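Since this is a predicted model, take the numbers as computed values, not measurements. Heavy atoms only: backbone and side chains are in, while hydrogens, waters and symmetry mates are out.
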Amino acid sequence: MLPLVLLVAIAVQLPVILVVSHLSGHRNVVMAFGALWTAGFVSSFVGPRSVWASPSRVRLYAVLWPFFFWWTVSLLLIVLAPLALVARLALLSTSSQSQSQWLLQGWLVVAIIGAAASLWQRPRIRRHVVYVDGLPESFDGYRVAQISDLHCGPFASGLRVTRWVTAVNALGADLVAVTGDLIASGSSFVPVVAAALGGLRARDGVFASMGNHDYFTDGESLVTALERAGLTVLRNQGVDVVRGDGAIHVAGVDDTWTRRADVDRALSARRDDMPVVLLAHDPDLFPQAVDRGVALT
């Protein structure tokens, strides 16, 4: 495991180390900086999970944020490498030192801007109208609010999740679907995210499904915390939601990465004439939902 992690760490950082070393003229300093973040990378994946537990503000802003910014720049440089290579070849016949410097600077600047944009993006509300064949008249205009991939942890505090919960509640949805990856890793943020999500409100209830990150801790403890907070966690099971003389079936599939997902079992309690709303964290499950006549996933 350790050799593989080191190999990935070095390979990912190599382009940015070479570029910054060339531009700055301080290769040893840049390599030392890269070695520092490599140590952070290795300790994060090989060391104890407590590295992701509630960090102090100093650790969060002085260590974890710079760590991920550096890695995002490194990954973006790799993605942009083919374009930079094409540009370099195009300039080869008339290339000068200044042109090479300009190309490397541009490559680095684009990666830095992309990294900053990806790390500072804000959640957005998207609205979709879905037409469902056979939907009972009492459900016409029914509103489902979905919130997903909170990754509550060092970068998404309980306060931030609470703000997102407030935004969801402001939509006045009839039902809320919470579709997995609620924590980043470890047990520290299980009570935090459960308390925050316990503030969700909807006329017909709040339903949740599990994601792969939700098993980066004791999944059972997370389920227990969510249910105590008032959420209904659907793990390969479903329930009927009744309104007037009509009903829909709301089902949830468990995690695929840990091989807990079972679409057939999740849909086993539905009636053939009842529209199904399926909560599934992994898009790989969507084709199975289509094959089984699910109205909305």
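Applying side chain to side chain contact (heavy atoms under 4.5 Å, CB included) to Val206 and the options Thr232, Leu200, Ile147 leaves one that passes, Leu200. A side-chain hydrogen bond (donor to acceptor under 3.5 Å, both in side chains) with His281 is found for one member of Asp254, Asp181, Thr179 and no other, namely Asp181. The only option from Val277, Val239, Val233 that meets the side chain to side chain contact (heavy atoms under 4.5 Å, CB included) definition with Phe207 turns out to be Val239.
The minimum heavy-atom distance between Gly198 and Arg201, with the atom names listed, is O-NH1, 2.8 Å. Between Ala194 and Ala229, the closest heavy-atom pair is O-CB, 3.3 Å. Heavy atoms only, all atoms of each residue included: Gly158 and Ala196 are closest at O-CB, 4.2 Å. Across all their heavy atoms, Ser221 and Val190 have their closest contact at O-CG1, 4.1 Å. Contact between Pro275 and Ala247 at its shortest, heavy atoms only, is CD-O, 4.0 Å. Minimum heavy-atom separation, Ala289 to Thr297: CB-OG1, 3.4 Å.
Two residues are said to be in side-chain contact when any heavy atoms from C-beta on lie closer than 4.5 Å; Asp291 and Val263 fail this criterion. Side-chain contact check for Leu197 versus Val165: some heavy-atom pair is nearer than 4.5 Å. Annotation: side chain of Leu171 is not in contact with side chain of Arg143 (no heavy-atom distance under 4.5 Å). Inter-residue side-chain proximity for Asp174 and Arg243 is flagged as met; some heavy-atom pair is nearer than 4.5 Å. Looking at heavy atoms from C-beta onward, Tyr142 lies in side-chain contact with Ile248 at the 4.5 angstrom threshold. Phe189 places none of its side-chain heavy atoms less than 4.5 Å from the side chain of Thr217. Side-chain contact between Val193 and Leu222 is present, with heavy atoms from C-beta onward closer than 4.5 Å. Annotation: side chain of Asp245 is not in contact with side chain of Pro136 (no heavy-atom distance under 4.5 Å).
The environment of Arg228 atom CZ is sparse: at most 12 non-hydrogen atoms of other residues, nucleotides or ligands sit within 6.0 angstrom. Atom CE of Met274 has more than 12 heavy atoms from other residues, nucleotides or ligands within 6.0 Å. Shown here is Asp273, whose CG atom has more than 12 heavy atoms of other residues, nucleotides or ligands within 6.0 Å.
A single hydrophobic cluster is seen to contain both Met210 and Val176, as judged by linkage of ILVMFWY side chains at heavy-atom distances under 4.5 Å, directly or through other members. Follow the hydrophobic side-chain contacts under 4.5 Å out from Leu296 and you never reach Val294; the two are in separate clusters. No continuous path of ILVMFWY side-chain contacts below 4.5 Å connects Val276 to Leu135, so the two sit in separate hydrophobic clusters. Leu279 and Val241 end up in the same hydrophobic cluster when Ile, Leu, Val, Met, Phe, Trp and Tyr side chains are linked at under 4.5 Å. Under the 4.5 Å side-chain heavy-atom criterion for Ile, Leu, Val, Met, Phe, Trp and Tyr, Leu182 and Leu234 are members of distinct hydrophobic clusters.
A salt bridge does not link Asp255 with Arg260: none of the charged nitrogens is closer than 4.0 Å to a carboxylate oxygen.
A distance of 4.5 Å separates CG in Asp149 from NE2 in His151, rounded to the nearest 0.5 Å. Atom-to-atom distance recorded for His213:NE2 and Cys152:SG is 13.0 Å, nearest 0.5 angstrom. Residue Thr224 holds its OG1 atom at 6.5 Å from CD of Glu227, rounded to the nearest 0.5 Å.
The main-chain N or O of Gly252 is never found under 3.5 Å from a side-chain atom of Ser209 such that the two would form a donor-acceptor pair. For Asp140 (side chain) and Glu137 (main-chain N/O), no donor-acceptor pair under 3.5 Å exists by modelled atom type. The main-chain N or O of Asp262 is found under 3.5 Å from a side-chain atom of Asn236 such that the two form a donor-acceptor pair.
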Item checked: Steps toward side chain to side chain contact (heavy atoms under 4.5 Å, CB included) verdict (Val192, Val161) -> CA-CA 9 Å; Val192 175; Val161 176; over 6 Å; no

Next item on the list: Please assess Arg292 against Arg270 for the test side chain to side chain contact (heavy atoms under 4.5 Å, CB included), listing each intermediate value before the final yes or no.
Entry: CA-CA 11 Å; Arg292 289 157 179 76; Arg270 69 168 177 175; 4.0 Å; yes

